[in-house]
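To start, the structure itself, in structure tokens.
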Amino acid sequence: MKIQITADSTCDLSQELYQKYDIKVIPFVVTLGDETYLDGSEIKPEDIFSYFDKNKELPKTGARSPEDLKKFFEPILKDGYEIIHFGIGSKLSSGYANCELVAKENSKIHLVNTKTLSSGSGLLAIYASELARTGKYTASQIAEMASKRADFHQTSFIVERLNYLYKGGRCSMISLLGANLLGIKPCLQLKDGEIKVGKKYIGSTPNCLKKYIQDELSIYNTPDHTRVMITYSTATDKMIEMAKSTLESYGKFKEILITQAGGVISSHCGENTLGILYLNDGDEGHY
């Protein structure tokens, strides 16, 4: 059986990882003013932050239409592949619902509701690619196995500034002013398919990152140690090094992967947002 893993651009993997695991990507769209761009290829987070600083206006982000998805899937299906598609969780975007409309018309398209976003979804796509390469499983079986693991994602980020969350209606002016005054950096956690505010940290961003990572590993303490993602919108070298060294000190992950978020994810969290993402379902029984 020929199996092709596909994803939307909110999976936030690097081009190298998409190529390594043979994952074909359809980009979401990002609109700045009157101009619309393809996420990941035509626009970068830095472009969005420059636009926001100048115009004080958030970009608009959008999933692809069912018609766009059909055009994306069609040549893959014509080449004799079954498709397993990954993208942002169903509660976070219309993207999954649009894919459902297309998949209902073709039994060779299998969807995985990742229930998460960014490289949390990317981890599941990589897992599916690894299963497909073994030749042991059908596309339906792989989709089912990945879907079960979606319940165990650990997806979280530290946000340096609340400006973007405030503009997007996700925090109040009082919270914004208080956070800016006290230097509070909240943790955003994906729970039950939705973004929720978790623990709040005070101090320099690198020191907050260290404590945040230690807390996540303590709370979500049964990781699959195959790999962990460090994903950021923008970050200083010191931030990335602190995150990497903290995970290295933990000493159990076989692979630490570092990726930059695309325009869609970055437009909702702002500059200098960084998180760690892994699957929290232990080391056994996945392959």
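For this chain, numbers begin at 1 and follow the sequence in order.
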(message) Within a 6.0 Å radius of atom CD on E284, are there more than 12 heavy atoms belonging to other residues, nucleotides or ligands?
(response) no
(request) Not counting sequence neighbours, which residues clear salt bridge (charged side-chain N to carboxylate O under 4.0 Å, His left out) with E105? List them please. (result) K70
(request) Please answer: with hydrophobic residues joined when any side-chain heavy atoms are less than 4.5 Å apart, are F157 and I88 in the same cluster? (result) yes
(message) Grouping I, L, V, M, F, W and Y whenever their side-chain heavy atoms are under 4.5 Å apart, do I142 and Y18 come out in a common cluster?
(response) yes
(message) Let me confirm one number: the CE-CD1 distance from M229 to I256, rounded to the nearest 0.5 Å.
(response) 11.5 Å
(message) Holding to side-chain contact (heavy atoms from CB on, under 4.5 Å), I want the full list of residues that pass it with A235, two or more places apart in sequence or in another chain.
(response) Y232, M239, I240, L274
(message) Keeping Y212 on the side-chain end and I276 on the backbone end, is there a donor-acceptor pair under 3.5 Å?
(response) yes
(message) T222: which residues meet the side chain to side chain donor-acceptor pair (under 3.5 Å) condition with it, sequence neighbours left out?
(response) N280
(message) According to side-chain hydrogen bond (donor to acceptor under 3.5 Å, both in side chains), does anything in residues 142-155 pair up with another residue at least two apart or in another chain? List the pairs.
(response) K115-D151, T116-T155, R149-D224, R149-D281, R149-H286, H153-T155, Q154-S156, Q154-Q189
(message) Applying side-chain contact (heavy atoms from CB on, under 4.5 Å), can you list everything that pairs with K244, at least two apart in sequence or on another chain?
(response) I230, E248, I258
(message) Please determine whether residues F73 and L101 belong to a single hydrophobic cluster, defined as Ile, Leu, Val, Met, Phe, Trp and Tyr linked transitively by side-chain heavy-atom distances below 4.5 Å.
(response) no
(message) Main chain of A261, side chain of S233: is a donor-acceptor contact present, judged purely on distance under 3.5 Å?
(response) no
(message) Given 3.5 Å as the limit, does a donor-acceptor pair link the side chain of K210 with the main chain of M242, or not?
(response) no
(message) Please enumerate all residues that pass ring-ring contact (aromatic ring centres under 6.0 Å, His included) together with Y250, with sequence neighbours excluded.
(response) H225, F253
(message) Within this structure, what is the CG-SG distance for the pair L111 and C99, rounded to the nearest 0.5 Å?
(response) 5.5 Å
(request) Under the side-chain contact (heavy atoms from CB on, under 4.5 Å) rule, collect the residues that match up with T134, sequence neighbours excluded. (result) K136, Y137
(message) Quick one, F72 with K24, criterion side-chain contact (heavy atoms from CB on, under 4.5 Å). Give me CA distance, side-chain angles, the key distance, then yes/no.
(response) CA-CA 9 Å; F72 172 65; K24 295 188 182 298; 4.2 Å; yes
(message) Tell me whether D237 at atom CG has more than 12 heavy atoms from other residues, nucleotides or ligands lying less than 6.0 Å away.
(response) no
(request) Please check if F86 and I109 belong to a single hydrophobic cluster, counting links between Ile, Leu, Val, Met, Phe, Trp and Tyr side chain heavy atoms closer than 4.5 Å. (result) no
(request) List for me each residue that meets side chain to side chain donor-acceptor pair (under 3.5 Å) alongside S129, sequence neighbours excluded, and say none if there are none. (result) none
(request) Identify the two heavy atoms, one from Y220 and one from Y278, that lie closest to each other, and give their separation to 0.1 Å. (result) O-OH, 2.8 Å
(request) Using modelled atom types only, decide if a donor and an acceptor are shared between the side chain of S50 and the backbone of D47 within a distance under 3.5 Å. (result) no
(request) Please round to the nearest 0.5 Å and tell me the distance separating atom NZ of K44 and atom OG of S266. (result) 12.5 Å
(message) Tell me whether S14 contacts the main-chain N or O of L17 through its side chain, where contact means a donor paired with an acceptor under 3.5 Å.
(response) yes
(message) Grouping I, L, V, M, F, W and Y whenever their side-chain heavy atoms are under 4.5 Å apart, do L77 and I3 come out in a common cluster?
(response) no
(request) To the nearest 0.5 angstrom, please state how far the CG atom of L92 sits from the CG atom of L190. (result) 6.0 Å
(request) Indicate yes or no: at least one non-hydrogen side-chain atom of T10 is less than 4.5 angstrom from one of L117. (result) no
(request) Quick one: pull up CD1 in I158 and NZ in K185 and give me the separation to the nearest 0.5 Å. (result) 9.0 Å
(message) Using every non-hydrogen atom in the two residues, find where I5 and A125 come nearest and quote the distance to one decimal.
(response) CG2-O, 3.9 Å
(request) Look at atom NZ of K191 and say whether more than 12 heavy atoms of other residues, nucleotides or ligands are closer to it than 6.0 Å. (result) no
Identify every side-chain donor-acceptor pair in residues 29-39 under 3.5 Å, counting partners at least two apart or on other chains, and give the distances.
from, atom 1, to, atom 2, distance (Å)
T31, OG1, T36, OG1, 2.9
D39, OD1, G263, N, 2.6
D39, OD2, S9, OG, 2.8

(message) Between P223 and K252, is there a side-chain heavy-atom distance shorter than 4.5 Å?
(response) no
(message) What verdict does the side-chain contact (heavy atoms from CB on, under 4.5 Å) test give for R227 and L279, after you've listed the backbone C-alpha separation in whole Å, the side-chain angles of each residue and the deciding distance to 0.1 Å?
(response) CA-CA 9 Å; R227 61 182 58 88; L279 296 171; over 6 Å; no
(request) Would you mind reporting whether L209 and T246 have side-chain heavy atoms less than 4.5 Å apart? (result) no
(request) Determine the minimum heavy-atom distance between C187 and E216, stating which atoms define it. (result) SG-OE2, 4.3 Å
(request) For L257 and E255, work out which heavy atoms get closest and say how close. (result) CD2-OE2, 3.4 Å
(message) Looking at every heavy atom in both T114 and G89, which two are closest together, and how far apart are they?
(response) OG1-N, 3.6 Å
(message) Using side-chain contact (heavy atoms from CB on, under 4.5 Å), reason through I265 and T231 one step at a time and then give a plain yes or no.
(response) CA-CA 11 Å; I265 300 301; T231 299; over 6 Å; no
(request) Among residues two or more places apart or on two chains, list those pairs meeting side-chain hydrogen bond (donor to acceptor under 3.5 Å, both in side chains) that have a residue in residues 73-97. (result) T6-H85, E82-H110, S90-N113
(request) Kindly write out the residues that satisfy side chain to side chain donor-acceptor pair (under 3.5 Å) with T138, not counting sequence neighbours, or none if the list is empty. (result) Q141
(message) Check whether R64 reaches the backbone of G95 with its side chain - one donor and one acceptor, N or O, closer than 3.5 Å.
(response) no
(request) Please list, chain by chain and in numerical order, all residues satisfying side-chain contact (heavy atoms from CB on, under 4.5 Å) with K211, sequence neighbours excluded. (result) K199, Y201, Q214, D215
(request) Output, in order, the C-alpha distance, side-chain angles, deciding distance and verdict of side-chain contact (heavy atoms from CB on, under 4.5 Å) for V25 and L13. (result) CA-CA 10 Å; V25 186; L13 299 180; over 6 Å; no
(request) Starting at OG of S249, measure out to CD1 of I213 and round the result to the nearest 0.5 Å. (result) 10.0 Å
(message) Minimum heavy-atom separation for V159 and C269, please, with both atom names.
(response) CG1-O, 3.6 Å
